[in-house]
Amino acid sequence: MKAVERAIRGLEATVRLSGWIAAWTCVVLVLLVAGDVFMRYLFRVGAVWLQELQWHLISPIALFGMSYALYSGEQVRVDVFYERFPDALKRTIEVIGGLLLLGIALYAAWLTLPWIAQSWARNEGSPNPGGLPWRWALKSFIPLGFLLLALQSLAHALRHGFGLPPRGK
């Protein structure tokens, strides 16, 4: 049982790190948008690469943030029904849901691999003049984000399946 708890803590530590990265990426994004607005309206200066960087940063925020949302218990659930279920049914729902999400996340990551490989092979960049050259790097966040979601789904299913206490208790 201790080995399972250690494995869960390790998986969740990885997800916490990704959540931390997503949170700080949000701060960087806000600063970039504010700086871009400031430069545009005060000095009438703008840059294509800066605008592209802003929407590029949304990718790691969403892809890393989805696994952190599951870790934090912020996933979508119909609580009006769920809260009335007995504990055994709640645990069963959490385990089955975690395992289904694990399979879906792994499948989504696997589906993106040929698309990512093609982007890397072409050294894909922005089609816009003055845009960012490394679009392949941005696309690489997609399977990584889904792998993080798969890791957290596994930790979620194990935590509920073994009846381990919630985080922090």
Listed by chain and number, what are the side-chain hydrogen bond (donor to acceptor under 3.5 Å, both in side chains) partners of Q54, not counting sequence neighbours?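 Only D36 meet the side-chain hydrogen bond (donor to acceptor under 3.5 Å, both in side chains) criterion with Q54.
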Answer yes if [X] and [Y] sit in the same cluster of Ile, Leu, Val, Met, Phe, Trp and Tyr residues linked by side chain heavy atoms under 4.5 Å apart, and no otherwise.
| X | Y | answer |
| --- | --- | --- |
| W134 | V48 | no |
| L101 | I96 | no |
| I8 | M1 | yes |

Spacing of CH2 belonging to W136 relative to CD1 belonging to I116, to within rounding of 0.5 Å: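 The CD1 atom of I116 is 11.5 Å from CH2 of W136, to the nearest 0.5 Å.
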d(Q75 CD, M66 CE) to nearest 0.5 Å is 14.0 Å
Validation row, ring centre F146 to ring centre Y107 under 6.0 Å: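 No: the rings miss the under 6.0 Å criterion.
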Considering only heavy atoms from C-beta outward, does the side chain of E94 approach that of Y82 to under 4.5 Å? yes
Would you please classify the geometry between the Y68 ring and the Y71 ring as parallel, tilted or perpendicular, with 30° and 60° separating the classes? tilted
Side chain to side chain contact (heavy atoms under 4.5 Å, CB included), that's the test. Do S153 and L70 meet it? Break it down for me. CA-CA 8 Å; S153 299; L70 180 59; 3.8 Å; yes
Residues forming a ring pair (Phe, Tyr, Trp, His ring centres under 6.0 Å) with H160, sequence neighbours excluded: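 H160 satisfies ring pair (Phe, Tyr, Trp, His ring centres under 6.0 Å) with H156 once adjacent residues are dropped.
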Minimal heavy-atom distance between V15 and Q152, with the atoms involved, is CG2-OE1, 3.5 Å
Between W120 and S140, do the side chains contain an N or O donor and an N or O acceptor separated by less than 3.5 Å? yes
Test of understanding: with side chain to side chain contact (heavy atoms under 4.5 Å, CB included), list the residues that count as partners of L99, not counting sequence neighbours. V95, L102, A157
With side-chain contact (heavy atoms from CB on, under 4.5 Å) as the test, pick out the partner of P60 among T25, L144, I21, L29.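 Testing P60 for a side-chain contact (heavy atoms from CB on, under 4.5 Å) against T25, L144, I21, L29 leaves exactly one candidate, T25.
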I142 pairs by side-chain contact (heavy atoms from CB on, under 4.5 Å) with which of L147, L113, L111, T112? T112
K139, R135, Q118 screened by side-chain hydrogen bond (donor to acceptor under 3.5 Å, both in side chains) with E124, the one that passes: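 The passing option is K139.
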